[in-house]
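Down below is the structure, laid out as structure tokens.
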Amino acid sequence: MRVESSQWQLNALFRNEEHLERFMSAHTRRTKQFAKAYEQKLNTIRSDFFCEVLKEYEAVLEGFSRIMTYVFLRFAKDTTQGDMYAKYEMQTTQMQNLVLFFELEFCNLPSQKRDEIIAHAPQYEYFLQKLIEQDKYQLSLAEEKVLLSTSPVGVNAFSRLFDEHLANLSFKVPKSKDSKTHSKEAKKSQKGHKSKLNEEEILSLLHHHKREVRKEAQKIFTKKLYKSRHLLAYILNMVRKDLHISTQLRGYKLPESFRHISNAATQKSVDKLIEVTSTHYPLVSEYYEIKAKLLGIKELKDYDRYAPIESKAHNLSYNEAINLVLKSFGQFSGEFKSIAMKALRKGWVDSHPAPHKRGGAFSHGSVPSAHPYVLLNYTESRRDAFTIAHEFGHMIHQELSKTQGYLNMDTPLTTAETASVFAEMLLFDTLKATLSREELIPLYAGKLEDIFSTLFRQVVMTHFERRIHAQSDELKPEQFDEIWKEENERMFGKSVSLSKNYEGWWCYIPHFIHSPFYCYAYSYGQLLVLALFGLYKSQKTTQGKAKFIQKYIQFLSLGGSKSPKDLISTFGLNLESDKFWLIGMNEVQKMLTEFKELINAKDSVFTCV
């Protein structure tokens, strides 16, 4: 399959804004009819008919999501369209207020009535049980309406401001870049078409093979962030205050409790995950001590963390990366490859950086009646190929789980990262089989760094969040700097020297703003995937592998219709066991050992620069 770039086609949601407006009008009428028919009347509905009411409620919610998915994707593609996003967010919030009664009223039904309803609606059992379990954290209907009505101008507004501000930052091209090794973006700047880089492009230079380029890119990025640090610190403080207020109002035990409840994870399992990961920080420092020797650098700096250990840059075109991902998916499952190819042909993917486009990458699950949408910012590095695999893994998970319907398709964050990280491992496994030992060394290095980023760095971020949310007063940028530096130093030990510039790099992390306490879910997913992938690779027969693949696809297809604990138990794994996290950690140790063996091979001709 040949593909040079990919662009979203949003027709599966709406053809244009006129089509959206017509849908908005019709859906507003449908929402009002639902509220008129059922508000304060749920106790009068027969239990055996309640499933039909649930289906209509699900359709109403899916309509809201369809609208907001469309405007969010338009905004992500072009962050200057914030006015459009704000318009529909406000209108959708007003509609959502009309059906806010439903879940609260269901939870207030007599327990016997609720049990009868669940018995007649087995496909909604887990959804309804979660509502009952979380009811103690709900406020009155009037209070919930106030909070929902003001949400567009509350913390959500600061989240939008964060996105728009970062998307509109531009950075000069480092002077130290050799014209012969310029990226396409930098070459354009020479021709006068583009003189600036966006956030994604400047950060990609931290992977440049020339140290002076990495160092200058770090300085340029820091200098621009420094100019925004008052604003970005203020936004983070507003997020902290909002979470503090919410924790008090709803009666959560800790600021992070809401996230564990949403993730269907226990405090015990999360604490154990963080404890096990933190105690294995020495794996990170051991690796970077080796890397410093390979690079011939006496003191590794923060801007050297992602330095390639090849003697020259290894770029991959988008087409090459896509076909590597398709190959790895096809070797695992024809269904995986088929979904990915369909996504590329049908406009599910937006691939390259563009002015005002949101940075980073994501896969948006959209709605069951449409399909997922993937945003990339491809910059032709091998790590970007792994980003494609990661987001395509999400996409496949979302496409498979939409059969569960809107209320059950979304998975908790802890298992939402399973398919994405598993897909990365599939690509890694494919590349391993095609490269020489000398080529394997940088591949292993890159994969270990990805794991450290997904596993250990996310726990560093969780420690950072725990400390900043434990304080009720507003924090100054310098206080954020100090906490950020201390938590990163715990992980790196003496293996990496963190510069003064790096102290302020907390301020561009989007998860701190959009999804407080999200980060540990990556660590959760990484260790879970390493355990699952180890189980897959341990299958010695074709029949055994086929059985695992079938079970894995079924696991993804169930979406959020069952608890993570029940889903994972089908593989014979127990998330509540203290020993569970050590299974995945042992796989990290194994990979680091294999990396050292490659380096220490007597006949190795690998050379470092």
Item checked: Verdict with supporting geometry, Ile235 and His165, side-chain contact (heavy atoms from CB on, under 4.5 Å) -> CA-CA 11 Å; Ile235 292 173; His165 183 73; 5.9 Å; no
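- Of the N and O atoms on the side chains of His463 and Ser278, at least one donor lies less than 3.5 Å from an acceptor on the other residue.
- Put simply, the side chain of Asn377 gets close to the backbone of Gly360: a donor and an acceptor are under 3.5 Å apart.
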Item checked: Test salt bridge (charged side-chain N to carboxylate O under 4.0 Å, His left out) applied to Glu52 and Lys55, step by step -> CA-CA 5 Å; Glu52 297 304 313; Lys55 288 178 181 178; 3.7 Å; yes
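- Listed by first then second residue, pairs satisfying salt bridge (Lys or Arg N to Asp or Glu O under 4.0 Å) with a partner in residues 556-572 number zero, not counting sequence neighbours.
- Between Trp505 and Tyr508, the two ring planes are perpendicular [angle over 60°; tilted spans 30° to 60°].
- Summarising the local packing, NZ of Lys551 is surrounded by more than 12 heavy atoms from other residues, nucleotides or ligands at distances under 6.0 Å.
- At a cut-off of 3.5 Å, with distance as the only test, a side-chain donor of Tyr70 or Arg74 sits close to an acceptor on the other residue.
- Phe64 and His27 have perpendicular rings, their planes meeting at more than 60° on a 0 to 90° scale where under 30° would count as parallel.
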Margin query: With side chain to side chain donor-acceptor pair (under 3.5 Å) as the criterion, how do Asp163 and Thr79 come out once you've worked through the C-alpha distance, each side chain's angles and the decisive distance to 0.1 Å?
Written below: CA-CA 8 Å; Asp163 281 348; Thr79 55; over 6 Å; no
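- Looking only at distances, no side-chain donor or acceptor of Ser65 sits under 3.5 Å from a matching main-chain atom of Glu62.
- A side-chain donor-acceptor contact under 3.5 Å links Arg160 to the backbone of Gly82.
- Put simply, CZ on Phe512 and NE2 on His469 are 8.5 Å apart, with the number rounded to the nearest 0.5 Å.
- Counting only distance, with no hydrogens or angles, the side chain of Ser420 and the backbone of Glu417 share a donor-acceptor pair below 3.5 Å.
- In this pair, Phe480 and Trp506 present their aromatic rings tilted. The plane angle is within the 30 to 60° band.
- Between the side chain of Ser338 and the main chain of Gly334, no donor-acceptor pair closer than 3.5 Å is present.
- Here NZ of Lys272 is found 11.5 Å from NZ of Lys579. Values are rounded to the nearest 0.5 Å.
- The closest side-chain donor-acceptor pair between Thr415 and Thr418, if any, does not fall under 3.5 angstrom.
- For the pair Ile549 and Phe332, the minimum side-chain heavy-atom distance is below 4.5 Å.
- For Thr570 (side chain) and Leu567 (main-chain N/O), a donor-acceptor pair under 3.5 Å exists by modelled atom type.
- Between the side chain of Thr277 and the main chain of Ile274, no donor-acceptor pair closer than 3.5 Å is present.
- The aromatic rings of Tyr373 and Trp8 sit perpendicular to each other, their planes meeting at more than 60°, with 30° as the lower class boundary.
- Taking 4.5 Å as the limit, some side-chain heavy atom of Trp581 sits within range of a side-chain heavy atom of Leu273.
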Check: Where do Arg66 and Phe14 land on the side-chain contact (heavy atoms from CB on, under 4.5 Å) test, with the steps shown first?
Finding: CA-CA 9 Å; Arg66 189 181 199 88; Phe14 298 104; 3.8 Å; yes
Note to self: Pair Val155, Met238 - check side-chain contact (heavy atoms from CB on, under 4.5 Å), show working.
What the structure shows: CA-CA 7 Å; Val155 74; Met238 291 304 100; 5.7 Å; no
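- For the pair Glu56 and Arg30, the minimum side-chain heavy-atom distance is below 4.5 Å.
- Contact between Gly559 and Ser401 at its shortest, heavy atoms only, is CA-CB, 3.5 Å.
- Aromatic rings from Tyr57 and Tyr38 are positioned such that their centres are separated by 6.0 Å or more.
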Report, one line per pair, each donor and acceptor closer than 3.5 Å where one atom sits in a side chain of residues 453-462; sequence neighbours left out.
residue: Thr454; atom: OG1; partner: Asp450; partner atom: O; Å: 2.8
residue: Gln458; atom: NE2; partner: Ser453; partner atom: O; Å: 3.0
residue: Thr462; atom: OG1; partner: Gln458; partner atom: O; Å: 2.9
residue: Thr462; atom: OG1; partner: Tyr520; partner atom: N; Å: 3.4

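- Between the side chains of Gln398 and His394, no donor N or O sits under 3.5 Å from an acceptor N or O.
- The minimum heavy-atom distance linking Ser47 with His120 is given by the pair O-CB, 3.5 Å.
- Applying the side chain to side chain donor-acceptor pair (under 3.5 Å) rule to pairs touching residues 130-146 yields Ser140-Glu143, Glu144-Arg250, sequence neighbours excluded.
- Listed here is the closest heavy atom pair of His244 and Ser472: CE1-CB, 4.4 Å.
- Remark: the backbone N or O of Ala167 is not paired with any side-chain donor or acceptor of Glu199 at under 3.5 angstrom.
- A donor-acceptor contact shorter than 3.5 Å links the side chain of Thr93 to the backbone of Glu89.
- Contact between Pro372 and Ser363 at its shortest, heavy atoms only, is CB-OG, 4.1 Å.
- Residues satisfying the ring-ring contact (aromatic ring centres under 6.0 Å, His included) test with Phe72, not counting sequence neighbours, are Phe362, His364.
- Rounded to the nearest 0.5 Å, atoms CG (Leu232) and CD1 (Ile509) are 11.0 Å apart.
- The 12-atom threshold is not exceeded at CD of Gln550, counting heavy atoms of other residues, nucleotides or ligands nearer than 6.0 Å.
- Atoms CE and OG1, on Met409 and Thr403 in that order, are 9.5 Å from each other to the nearest 0.5 Å.
- The two atoms that bring Val60 and Val99 nearest to each other are CG1-CG1, 4.1 Å, heavy atoms only.
- Using a 4.5 Å heavy-atom threshold, the side chains of Leu344 and Ser6 count as touching.
- For Arg114 (side chain) and Cys107 (main-chain N/O), a donor-acceptor pair under 3.5 Å exists by modelled atom type.
- Looking at residues two or more places apart in sequence or on another chain, you find a ring-ring contact (aromatic ring centres under 6.0 Å, His included) between Phe571 and Phe548, Phe555.
- Atom OH of Tyr124 is separated from atom CD1 of Ile117 by 13.0 Å, given to the nearest 0.5 angstrom.
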Could you pull out all donor-acceptor pairs under 3.5 Å where a side-chain atom in residues 527-538 meets a protein atom, sequence neighbours excluded?
residue: Lys537; atom: NZ; partner: Asp429; partner atom: OD2; Å: 2.7
residue: Ser538; atom: OG; partner: Leu535; partner atom: O; Å: 2.6

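- For the atom pair CZ of Phe34 and CD of Glu39, the computed distance is 10.0 Å after rounding to the nearest 0.5 Å.
- The heavy-atom pair separating Leu243 from Pro516 by the smallest distance is CD2-CB, 4.1 Å.
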